[in-house]
Structure formats: structure tokens, C-alpha cells
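Given the structure is predicted, the values throughout are model-derived calculations rather than measurements. Numbered from 1 within each chain, the chains take letters A, B, ... in sequence-line order.
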Amino acid sequence: MRKLVLYVKSIFLLAVGIILLAAAPSLIAGDNGIKFSLIRYAQSVFDIISSLVTPSSLTVYTHTQTWAFPRMPVNRSIVFLNEVTERPLFPEIWGIVGYTLILLLASFCIAFTIAVFLGWMTELFPPVFKKTLLRISDLLEALPDLFFVFSIQLMVVWIYKKTGWLAANPFTSSREPSFLLPLVTLSVVPAIYLYRLQLLLSETELEKEYITFARSKGIKKSYIILHHLIKNTVSELSIHLPFIMLILFSQMVVLEYLFNMNGIMRILLGEQPSETRAMLLLLIALPLFGTVKLLRIVLKERVSHAG
Amino acid sequence: MLGKLNTFHVGLMLLSIILFTSIIFPILISEPVIHHFRYTEETRQLIVPPYGPSQEYWLGTDRNGKDLFYAIVDGAKYTIVFAGIITLARMIISLIMGMVFKRLFMNSWWSGLIQSFQYIPQSLIVLLVLSPLMFYELRSDSVLSYAETLVIQLIVLVAVGILPLGKIIAETAESLSGFQYITCSKHMGASSFQITIRHIMPHMCPRLFILAGRQFTQVLTLMLHLAIYHLFIGGVKITSGQEHDQFNNYSTISNEWTGLISMYHRELMLEPFVVMVPVVAYTLLILCVNVMTKSLEKSFDKRLLH
């Protein structure tokens with residue numbers, strides 16, 4: 001019961017924090033130019049909260065550009081008409097939120113599985129390999145995320161040019177959304193990070209006494225690694241889960257532009273009322289938070305049972 | 001002397017050489033003249049930019065004929081100095097905040113509120129706050145002057161990072177103040193100010209350097225993420241892309257690297273080398289800083305062991 005209260009409290013505080021962040025633009029942006037104003041900030045926080053209570057009233061602006069041919073007797077010219085229409089946020093948004101969330105959570109699962117699996121494989125190798133692999137992962141971790149994105153995009157196109165085989169859709173077109181490639185690129189950086197962490201953790205774990213004891217009892221090395229080492233390191237990995245989520249989310253912001261995806265950032269970063277922004281941020285951040293908390297509980301439970 | 005030279009010093013020297021060259025080079029040599037086309041008489045061949053790497057243009061040129069080598073060298077100082085100033089300001093403010101309001105950061109309500117920084121990326125916050133101020137209608141002037149733009153960008157970029165960083169520093173200080181000799185000096189009547197200066201700071205300093213190194217790479221990554229959405233540090237110049245204004249061209253005012261990457265992103269599928277030049281330069285910078293931080297960490301670990 002006490003735990004439940006704690007969870008509710010931290011969810012509540014997270015939501016309040018996100019609302020405070022979503023109202024942040026009004027802190028410095030005046031009608032024309034920069035003007036710091038705390039009163040305006042408080043006002044907009046209050047507005048956001050009061051309109052979040054009735055979610056059906058939230059609206060989203062969509063910008064459209066139409067190609068028009070105005071009637072002209074002499075020369076036919078083309079005009080681009082910019083229009084802004086206001087539409088209700090729900091239920092249209094669920095599809096887009098779902099797309100973004102599925103991408104985030106799926107790549108999270110992929111990264112976690114691959115990192116743990118590779119970590120397990122590495123332990124079976126001789127120690128010399130392990131040292132070099134640690135060095136390589138050190139180097140890879142130091143590379144910026146966009147480097148991987150560009151390389152993967154270039155590689156897919158290069159393979160297509162050479163062999164005519166398109167492994168995955170590198171850009172979203174109006175016909176088909178790209179899914180596989182963003183998924184792969186999203187999971188590369190967290191997978192490397194988790195893999196390196198796993199190697200470091202298992203290095204300290206191997207020196208502990210229960211491993212020596214198990215070895216002296218004559219238990220096979222592969223059994224020890226699978227049943228003791230991996231289990232314990234995975235539960236220690238769970239401390240770093242929020243950080244992984246942050247990496248994923250901040251990469252998602254950029255990937256959406258680079259892959260031209262129809263995700264949530266396009267709406268979020270367009271001209272929108274601040275209460276809609278707050279709602280969208282909440283819709284993404286709360287499931288991520290829930291996943292992290294749930295995984296932590298599951299991983300901890302398993303360890304306490306095993307112990 | 002030479003024996004003590006580790007990777008950190010080499011990296012530091014490399015960074016200062018880059019910075020020095022970047023400041024001196026544009027003063028000595030003016031920007032190469034743009035050739036819109038080249039015609040060779042003998043082979044009757046017409047070449048238009050982007051030119052590949054050659055003796056005249058070491059790293060080639062972009063689609064407008066701008067020399068990439070010059071742009072990279074010129075932009076290095078802006079990239080390093082901007083990221084450096086932001087990192088330094090963040091470190092100083094969070095250090096003071098983390099030390100003074102240590103108790104507040106440990107409070108569960110306050111840390112619950114700060115948790116929102118762990119789930120909302122900094123790039124998103126900065127984009128939400130700054131994009132209404134930075135972007136302007138085509139064929140009109142920017143709302144803010146150049147100096148105003150720079151100052152407000154620096155303020156927002158610093159402000160967005162100080163709370164999470166302050167929390168890390170407060171947590172480190174809290175774990176350091178668990179030592180026995182600190183309890184002892186407390187019993188002997190030392191004020192909390194004296195304990196902070198005399199006992200916590202000496203242990204804090206090496207950790208602060210490591211934190212600063214990590215912040216530096218974080219700020220660089222943040223700058224790149226912002227640049228992808230055309231929010232360049234130092235201001236953006238918006239020009240029309242086509243006769244009917246179907247799209248806008250965004251270009252950096254300073255030749256800062258992340259801005260160059262974003263500007264040339266369009267060339268990724270056409271002329272990959274144009275975008276890869278700033279990408280490689282930027283990657284090497286991050287790699288250099290990361291290697292420096294790692295070597296600091298290692299030497300710090302060794303000192304702890306002895």
C-alpha cells in the first residue's frame with residue numbers, strides 16, 4: 001500500500017513537472033520580443049491545467065499548403081495558399097502516438113535483448129577477445145548518434161544502387177511509412193551503451209565470492225554465466241533504464257525529421273496551443289515512465305526470488 | 001615530465017591547437033573566391049560545383065562553390081567556444097545550486113519534479129522555447145538582433161541543463177559527506193560552509209572535471225539535435241528555396257559545425273562527401289573530448305586505489 005502511494009506520488013509529480021515545462025515558452029516570449037514574466041507563466045500554467053481537465057476540448061492546428069490557379073485572363077500563375085485549420089485532438093492523435101510509442105518501446109526491447117545476448121556470448125569467449133571487445137565498444141560509444149544514422153542511410157542506398165535490392169525504406173513517402181530502418185537506427189546507440197555497461201558490470205561481478213565458490217564446486221562455466229552472472233548484471237542494468245529511455249526519446253526527436261516520419265514531433269513542434277503540447281508530452285512520457293517502473297519491479301522481484 | 005604525459009594532455013593540446021588555428025587562420029587568409037563554374041580549354045569540359053577535393057579546395061566545395069576547408073576551420077572556434085561557454089556556465093551555476101540547496105535536491109517532492117527532465121529530452125524543451133523567437137517570415141528581418149539572439153540562446157541552453165546537473169552534484173556531495181571525518185569535524189563545531197570548502201570540495205574537484213567532460217559532449221549533441229531543426233547557435237539566415245517559396249533554405253551565420261551538418265544534410269543522397277566533411281570533423285571533436293574524459297576517469301580511479 002505504501003509503495004502504491006509512492007508510485008502515485010511520483011507519477012503525479014512527473015505530470016506536474018511536464019506541465020511546468022510545457023508552459024515554459026510563455027516565460028520569456030512576450031508579444032513582440034523577449035520579456036521575462038512570472039505572472040504570465042503562472043497564468044499559462046493555470047490555463048493548461050484547467051483545459052487538461054476536459055481533454056475533449058483540446059484542439060490541434062494543421063497547416064496545409066494548396067496549389068491554386070487563380071483566374072487570370074492573361075497569364076496563368078501558380079499561388080501557394082497557406083491555410084490553418086483547427087481540429088479536435090482526439091481521437092485522431094491515437095494512431096500517431098501509437099506509432100511513436102511502438103517505435104520507442106520496440107527499439108528499447110531490441111536494444112536490451114541484443115545487449116544482454118551479446119554480453120552473454122562475450123562471456124563465453126576467451127578473455128583476450130573480451131578486452132578487445134570492450135575497447136571497441138568504448139570507441140563506438142564515443143561516436144555521436146547522428147553518425148550512425150547517416151552511415152546506415154547511406155549504406156542502404158549504396159546497397160540499393162549496387163544490387164538493386166532495397167533492404168528497407170529509407171524515407172517515409174506518402175505511400176508507405178518507413179518502420180524498419182528507424183527501428184534499427186534507434187536501437188543501435190542504446191544497445192552499444194547497454195552492452196558496454198553489461199561488460200563492465202560482469203567484470204566486477206566475476207570477482208565476487210559466490211562465483212568462485214560455484215566454480216570450486218565444479219559447476220560448469222556456461223551454467224554459472226547463464227544462471228548467476230547474467231541474472232545479477234541484468235538487475236543492476238535496471239538502474240540505468242531511465243537514461244536509456246532519455247537517449248531513445250531524444251534520438252526520436254531527430255530521427256523523425258531525418259526519416260521524414262509522420263510521428264508526434266511534427267505536431268509538437270508546429271504551432272500548437274500549449275495545452276495540446278502538454279497533453280502530447282504527457283501521452284509519450286507517462287508510458288515510458290510506466291515501462292521503466294514496471295521493468296524495475298519485475299527484475300527486482302526475480303532477483304529476490306532467486307536469492 | 002614526458003612520462004606523466006597522458007591522453008588527457010594530448011587531447012587538451014590538440015583542442016587548443018585547433019582553437020588557435022581557427023582564430024588565426026581567417027585573419028591571415030581571406031575566404032577563397034567562389035567560382036560558379038570551371039572550364040578547361042583543352043578537354044572542353046565544363047564543371048560546376050560541388051567540386052571534389054583538389055589542390056585548390058582541400059576538402060572540396062559545397063553546391064554554391066563555398067570552400068569547405070575554410071568553412072570547417074573558421075567554424076571550429078564557434079563550435080568549441082559555444083559548447084565550452086555553455087558547459088562552464090552550467091557547471092558553475094549547478095555547483096553553487098547543488099552545494100547551497102543540497103537538502104532541497106534530496107527532498108522527494110523536489111526530485112520528483114525534476115524527474116520530468118529525465119523523461120523529456122532537453123532538445124525538445126529548447127526547441128519549444130526558442131523556435132517562436134528564432135524563426136521569422138521570409139523576406140523580413142529577424143525579431144531579435146544578433147547579440148540578443150546569441151544571449152537568449154545561451155541563457156536557454158544553460159537553463160535547461162542546470163537542474164538535472166545540480167541534482168547529480170548534490171547527490172555526489174551527499175555521498176561524500178557520509179565519511180566519518182566529516183561527522184567528526186561536525187561534532188567539533190565546524191560550520192557547514194567550512195566543511196564544504198575544506199572537506200567536500202577537494203574530493204569533488206576531480207569528479208567535477210569528469211562531469212564537465214561529459215557535459216561538453218552532451219552540449220555538443222544537443223547543439224546538433226537543435227541544428228537538425230534549423231535552430232543554429234548564433235542565428236539563422238532564411239532564404240527562399242524556389243521561385244514560389246515552396247521551401248526555405250536555412251543557413252548558419254557563423255560557420256559552426258553542427259549548423260553546417262544540418263545545412264548540407266540535403267546532400268546526403270546526392271554528394272555524400274559534402275555532408276560527411278563536417279560530420280567527420282564533429283565526430284572527431286566528440287571522440288577527442290570523450291577520450292580525454294575517459295583518461296581522466298582512469299587516472300582518478302588509480303588515485304582512489306592507492
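Side chains of A:M265 and B:L127 form no contact here, defined as non-hydrogen atoms less than 4.5 Å apart. Between A:E141 and B:N290 there is no side-chain heavy-atom pair separated by less than 4.5 Å.
Residues A:P25 and B:L128 share a closest heavy-atom pair of CG-O, 3.6 Å. For the residue pair B:P121 and A:V253, the shortest heavy atom distance occurs at CG-CG2, 4.1 Å. Of all heavy-atom pairs between B:L287 and A:A142, the closest is CD1-CB, 3.5 Å. In terms of heavy-atom proximity, B:Q115 sits nearest to A:S10 at OE1-O, 4.0 Å. In plain terms, the two heavy atoms of A:P144 and B:T283 that are nearest each other are CD-CG2, 3.6 Å.
Against chain A, the residues from residues 149-167 of chain B that qualify, each with a non-hydrogen atom under 4.5 angstrom away, are B:I152, B:V156 in number order. Along residues 215-231 of chain B, the residues that come nearer than 4.5 angstrom to chain A, judged on non-hydrogen atoms, are B:T221, B:L224, B:H225, B:I228, B:Y229, B:H230 in order of number.
The CD1 atom of B:I125 sits 4.5 Å away from the CG atom of A:L21 when rounded to the nearest 0.5 Å. Here the CZ-CD distance, from A:F249 to B:Q118, works out to 14.0 Å after rounding to the nearest 0.5 Å. The CD1 atom of B:I261 sits 6.5 Å away from atom CZ of A:F150, with the distance rounded to the nearest 0.5 Å.
Contact tally against chain B (heavy-atom pairs below 4.5 Å) for A:L146, A:L6, A:L143: the top residue is A:L146. Ranked by heavy-atom pairs shorter than 4.5 Å toward chain B, the options A:L154, A:I11, A:L288 are led by A:L154. Between chain B and the options A:L27, A:I284, A:L139, A:D138, heavy-atom pairs under 4.5 Å are most frequent for A:D138.
Around the OH atom of A:Y7, the shell of radius 6.0 Å holds more than 12 heavy atoms that belong to other residues, nucleotides or ligands. Annotation: A:K131, atom NZ; neighbour count of heavy atoms from other residues, nucleotides and ligands within 6.0 Å does not exceed 12. Atom CZ of B:F273 has more than 12 neighbouring heavy atoms from other residues, nucleotides or ligands inside a 6.0 Å radius.
Ring planes of B:Y119 and A:F289: perpendicular class, angle over 60° (limits at 30 and 60°).
Listed by first then second residue, pairs satisfying side chain to side chain donor-acceptor pair (under 3.5 Å) with a partner in residues 243-256 of chain A number zero, not counting sequence neighbours.
When heavy atoms are compared at a cutoff of 4.5 Å, B:S108 approaches chain A by way of both its backbone and its side chain. Only the side chain of B:V275 comes within contact range of chain A, judged by heavy atoms closer than 4.5 Å.
Here A:F12 pairs with A:V16 under the side chain to side chain contact (heavy atoms under 4.5 Å, CB included) rule; sequence neighbours left out.
Put simply, the residue from A:L14, A:L20, A:L13 that forms a side chain to side chain contact (heavy atoms under 4.5 Å, CB included) with B:S116 is A:L14.
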